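All figures in this text were calculated on a predicted structure; none of them were measured in a lab.
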Amino acid sequence: MTVRHVDVRPRTAAHRVNFRFSGRAGRAACLVADGDSGLLVETWSFQEATAEAFPLPTTTGETVRTQLLPTEDGRVVLVRHRPGTHEVVLVGCGDGSTGEQPVGTFHCPALRAVPSLDADTLGWLVAFHAGGHTVLHRIDARTLRAEAVVEVPGQLTGEGWLTEQGHLLAANQLTGGRRRLVAVDLRRATVSPLDTAGSAVLLTSPRRGRMLVATHTPDGVRLGWAATDGRPVRYPPALNAITGTALPLAVDPTGRRLAVRITAGARSRLLVHDADADQVIEVPVPPGVIRSAGWSESGLRLLWSSPTCPTTVVTLPPDGGSGGWREPDQPTGTGWHDAQPERFDGPAGSVEAVVYGDWRRARHLLVALHGGPEAAWELAFDPFFQSLAAADVAVVAPNQRGSTGYGSTHRDAINGAWGGPDLADVRWLRKILHRERDPAGHAPMLFGTSYGAFLALLAAAADPHGWSRCVVVAPFLSGPRLYRDGSRAVRSLLDRLGGCTAPDDEIGPRDLLRLAPRIRARLLVVHGQRDDVIPVGHSQALARRLREAGRRTPQDFRYLEVVDGGHNPLDEAGGQALRAEIVDFFTSEQRG
């Protein structure tokens, strides 16, 4: 499929986030981080052989929390989230104007937008209120007003349409700590329970009026098709024989085919299940990552990226890919550096890493640690890694224990042991790199963000003379300190993953105020002033501790606080300049 970017200015590598398809997958919208102007709204229009991407000017700078809802006529509903308040506006009004039109302001803990299948309705807003109930609002396509239609006890999630007219909605209803499936009739303003105990809706088929559900059983999660007439859930054997980490992506317009993404380490595989024949075929795709999908009458559209291709859309034939994969056109500015997965021995089995450059011979080598910790490096385009590769810095980005995509044993290894098995993997990797590298090269360097920043500082303290330089973005000091200072969502994550329990070994408690004096690598600490995930006070306290320990500034230690920066300053306004400053820190030939 040819992708045409319609813009009035040169475009750098686009890093797309919050990508979403419209109700019938004829349009899409996303936020684009170009590393300079912050996050911009972009809308996509799909035709048989061409996809066109247009910028949509807005009056307010967007954040990664801005939710987008594309409509079939090219307009985009934006939901801007602030604590307890949500502003809803409409942009791209289809008449050539570029202004914003207000839809409404909602005072509630949570607000989400749901695509519409009805041409008279731009979209639906699902507002969850502090009183423990949900109100569904309809955005009228003519008046642009949001009208309350029905109030539902509890909280709704996983909404999907059960009719092509777009008036019957399937959803998961959470009340009193229990979950059940319900059908919400938006014409009659009624809610009816569905007899599917223990199941959660994932996707729906409007044409067939049924739901793809996930059912928790003693043997694990099973995928099945449920109807609204009370018939038992049907669990196709072939669909449930799929191995690996599976994510259902989209159902075709006929309701017969289901696209499923399989996470295979750092890359994705694509499967298509035929519900009528109960057959699964694998669609060959190039090495890369599938983010999401939409399935329209003209084909299956995949949001796809590879190390040399910034996130874009690829369209497969309507049958799901038997006609083969066609590479998308590369965006303006080719010459991106490729990467490949590589396996390294570890203390408890091999660890996969995404590798840029020749790490054995490169003068500069960087070990990059991802955040999360429930995350992983992927074989996808990364603007920061591209900047490093362009500066002749080889990158090894490991998916150490605690990373997702390698099974539950690998993922759960650090539960109750943050900075334990994952730190052991990083230390083991450093030994391999040191042993096999060209002696003329510098000692490896470290980079990490969020949880990866915490882990990078632990590694620098555990092996003080094994690392030459270290850059951390938004580090926290320890699990217990973050629990004390963090938000409710952060505390919930720490509770679920045992982040306040320290491993019992020779390193001792994983508290960076205690361990920071051990660090000998040249250090750059970066933190956004407006970080609402990890308080900036953690980096401020770390900087004070380093100064108390005798670290000199700027010779061997720098602290950079990003004015108005959030949790991901590399992807926000000024991110491109910040990336350049970090690359310069890694490559400058100062002592140390």
Would a distance-only check, ignoring hydrogens and angles, find a side-chain to backbone donor-acceptor pair under 3.5 Å from His370 to Asn399? no

Step by step, work out the side chain to side chain contact (heavy atoms under 4.5 Å, CB included) result for Thr63 and Glu572. CA-CA 8 Å; Thr63 72; Glu572 299 168 2; over 6 Å; no

To the closest 0.5 Å, what do you measure between CG (Leu247) and CZ (Arg291)? 12.0 Å

Side chain to side chain contact (heavy atoms under 4.5 Å, CB included) assessment of Leu570 paired with Val526: CA-CA 10 Å; Leu570 291 177; Val526 181; over 6 Å; no

Answer yes or no: is there a side-chain heavy-atom contact under 4.5 Å between Leu379 and Pro307? yes

If you define the side chain from C-beta out and look only at heavy atoms, does anything of Arg514 sit under 4.5 Å from Arg518? yes

Please state whether the rings of Phe381 and Trp336 are parallel, tilted or perpendicular, taking 30° and 60° as the class boundaries. perpendicular

Using every non-hydrogen atom in the two residues, find where Pro444 and Gly466 come nearest and quote the distance to one decimal. CD-O, 3.7 Å

In terms of the angle between their ring planes, are Tyr406 and His410 parallel, tilted or perpendicular, with boundaries placed at 30° and 60°? tilted

Let me confirm one number: the CZ-CG distance from Arg491 to Asp485, rounded to the nearest 0.5 Å. 10.0 Å

Under a 3.5 Å threshold, yes or no: a donor from one side chain and an acceptor from the other, between Glu342 and Trp359? yes

If we count only N and O atoms by modelled type, under 3.5 Å, do the side chains of Arg343 and Ser350 hold a donor and an acceptor together? yes

Tell me the closest heavy-atom pair linking Ala29 and Leu68, and the distance in Å. CB-CD2, 4.0 Å

Would you say the side-chain atoms of Glu62 pair up with the backbone N or O of Leu31, donor to acceptor, closer than 3.5 Å? no

Checking side-chain contact (heavy atoms from CB on, under 4.5 Å) against Thr245, which of Thr404, Ile262, Thr263 comes through? Thr263

Polar side-chain atom of Asn172 near backbone of Val201 as donor-acceptor pair, under 3.5 Å: yes

Roughly how far, to the nearest 0.5 Å, is CD of Glu378 from OG of Ser403? 11.0 Å

To check you understand the geometry: which heavy-atom pair defines the closest contact between Leu223 and Pro248, and what is its length? CD1-CG, 4.1 Å

Where the side chain of Arg469 meets the backbone of Phe585, is there a donor-acceptor pair that is under 3.5 Å apart? yes

State, to 0.1 Å, how close Val533 and Leu482 come at their nearest heavy-atom pair, and which atoms those are. O-CD1, 4.2 Å

Are the side chains of Trp295 and Arg257 in contact, using a 4.5 Å heavy-atom criterion? yes

Using 0.5 Å steps for rounding, measure from the CG atom of Leu423 to the CH2 atom of Trp418. 14.5 Å

Side-chain donor-acceptor contacts of residues 447-454 below 3.5 Å, not counting sequence neighbours, with atom names and distances?
unit_1 : atom_1 : unit_2 : atom_2 : d
Ser450 : OG     : His567 : NE2    : 3.2
Tyr451 : OH     : Gly419 : N      : 3.3
Tyr451 : OH     : Asp422 : OD2    : 2.5

Got a sec: does the CZ of Arg496 have more than 12 other heavy atoms crowding it under 6.0 Å? yes

Please check this pair: side chain of His527 against backbone of Ile534, looking for a donor-acceptor N/O pair closer than 3.5 Å. yes

Find out whether Arg20 and Pro115 are in side-chain contact, i.e. whether some heavy atom of one side chain is under 4.5 Å from a heavy atom of the other. yes

Would you find a donor on one side and an acceptor on the other, under 3.5 Å apart, between the side chain of Gln155 and the backbone of Thr134? no

Distance, nearest 0.5 Å, that separates CZ of Phe106 from CG of Leu125: 5.0 Å

Going by the rule ring pair (Phe, Tyr, Trp, His ring centres under 6.0 Å), which residues pair with Tyr559 if we only count those two or more places apart in sequence or in a different chain? none

Would you find a donor on one side and an acceptor on the other, under 3.5 Å apart, between the side chain of Ser468 and the backbone of Ala443? yes

Are side-chain heavy atoms of Leu578 and Leu560 found at a separation under 4.5 Å? yes

What one should report as the nearest heavy-atom pair of Leu249 and Ser292 is CD2-CA, 4.2 Å

So, does Arg222 use its side chain to make a donor-acceptor pair with the main chain of Tyr235 at under 3.5 Å? no

Run the side chain to side chain contact (heavy atoms under 4.5 Å, CB included) test on Leu458 and Leu512 for me, step by step, so that the C-alpha distance in whole Å, both residues' side-chain angles and the decisive distance to 0.1 Å come before the verdict. CA-CA 7 Å; Leu458 291 180; Leu512 291 173; 3.8 Å; yes

Tell me if a side-chain donor or acceptor on Thr217 pairs with a main-chain N or O of Val221 at a distance below 3.5 Å. no

Rounded distance [0.5 Å steps], CG in Asp345 versus NZ in Lys431: 13.0 Å

Taking the side chain as everything from C-beta on, heavy atoms only, tell me whether Val313 gets closer than 4.5 Å to Trp44. yes

Any non-hydrogen side-chain atom of Leu433 less than 4.5 Å from a side-chain atom of Phe344? yes

Shortest non-hydrogen contact from Val536 toward Glu561: CG2-OE1, 3.6 Å

Has Asn568 got a side-chain atom pairing as donor or acceptor with Asp571's backbone, closer than 3.5 angstrom? no

Would you check if Leu316 and Leu270 make a side-chain contact, meaning some heavy-atom pair closer than 4.5 Å? yes

